[in-house]
**Student:** 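Quick one: this structure, given as structure tokens, is what I'll be asking you about.
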Amino acid sequence: GENVEQHPSTLSVQEGDSAVIKCTYSDSASNYFPWYKQELGKRPQLIIDIRSNVGEKKDQRIAVTLNKTAKHFSLHITETQPEDSAVYFCAANGQNFVFGPGTRLSVLP
Amino acid sequence: GAVVSQHPSWVICKSGTSVKIECRSLDFQATTMFWYRQFPKQSLMLMATSNEGSKATYEQGVEKDKFLINHASLTLSTLTVTSAHPEDSSFYICSASFTGRNQPQHFGDGTRLSIL
């Protein structure tokens, strides 16, 4: 089945800097890759997703890139703000949705 | 659109009690819903896939007699934790998606279950 790895597990950046989180997946049949943001005690919220027919997608300060050959995809957040602090999960749709272990992002003011 | 409601949000009960958690898709029909368990500072672990009108598909290691799932309609799935014990204490969260593999999952608010 699908296996999703995510790095780093924790990330601290200064406000205004960029943050990059990387995920790798194992199932070459996976073709949908969402990213979720989860604040403490709250539901995961979809922030951006990408399908395998494109290599990059951008939504304001957030972008996702996909390399199907290498089986990895990355989340890029530019001009980070304190409210970006949360746990971010990537996922891939193998036979089931499989989530990465998460990255705890801290944006320091 | 794509709102998922989960109830209750927090349950505290005695060991041996059975607890039912409801997951509703409010503005769309969901033939498939998913139940996850999340331990503190950990990722979402899929417990089972709930299919409307048929039996749920459980992940390896999840006791189907312990965690009963019923998906009686296109907008409602329930998870019943039977004879709960302290080790069942966790954050349980459901999700639903539109039909198709390439659709995002939309999550409920989760249920924090504490067994004394």
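Chain letters run A, B, ... following the sequence lines, proteins first and then strands; every chain starts at 1.
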**Student:** Ring centroid separation for A/Trp35 and A/Phe73, is it under 6.0 angstrom?
**Tutor:** yes
**Student:** Below 4.5 Å from any heavy atom of chain B, which atoms of A/Gln45 appear? Answer side chain, backbone, both or neither.
**Tutor:** neither
**Student:** Does a donor on one side chain and an acceptor on the other come within less than 3.5 Å for A/Glu2 and A/Ser26?
**Tutor:** yes
**Student:** Report which part of A/Phe99 has an atom under 4.5 Å of a heavy atom belonging to chain B: side chain, backbone, both, or neither.
**Tutor:**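 When you check distances to chain B, atoms from both the backbone and side chain of A/Phe99 fall under 4.5 Å.
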**Student:** Are the side chain of B/Thr111 and the backbone of B/Pro8 linked by a donor-acceptor contact shorter than 3.5 Å?
**Tutor:** yes
**Student:** Under the criterion side-chain contact (heavy atoms from CB on, under 4.5 Å), which of B/Val62, B/Thr80, B/Thr82 is the partner of B/Phe67?
**Tutor:** B/Val62
**Student:** Can a donor-acceptor pair be found, under 3.5 Å and without considering hydrogens, that links the side chain of B/Asp27 to the backbone of B/Val3?
**Tutor:**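 Yes; at least one donor-acceptor contact below 3.5 Å.
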**Student:** Return the option, out of B/Gly110, B/Pro104, B/Ser95, with the maximum number of heavy-atom pairs under 4.5 Å with chain A.
**Tutor:** B/Pro104
**Student:** Which atoms of A/Pro34 come close to chain B, meaning under 4.5 Å heavy atom to heavy atom: side chain ones, backbone ones, both, or neither?
**Tutor:** neither
**Student:** Could you tell me which portion of B/Gln103 (side chain, backbone, both or neither) has an atom closer than 4.5 angstrom to a non-hydrogen atom of chain A?
**Tutor:** both
**Student:** Heavy-atom distances under 4.5 Å only: say whether A/Tyr36 touches chain B with side chain, backbone, both or neither.
**Tutor:**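 Only the side chain of A/Tyr36 comes within 4.5 Å of chain B.
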**Student:** Please classify the contact of B/Gln105 with chain A as side chain, backbone, both or neither, using a heavy-atom distance under 4.5 Å.
**Tutor:**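 Contact with chain A involves both backbone and side-chain atoms of B/Gln105.
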**Student:** Heavy-atom distance under 4.5 Å to chain A: side chain of B/Thr57, backbone, both or neither?
**Tutor:** neither
**Student:** For the ring pair B/Tyr36 and B/Phe91, is the centre-to-centre distance below 6.0 Å?
**Tutor:** no
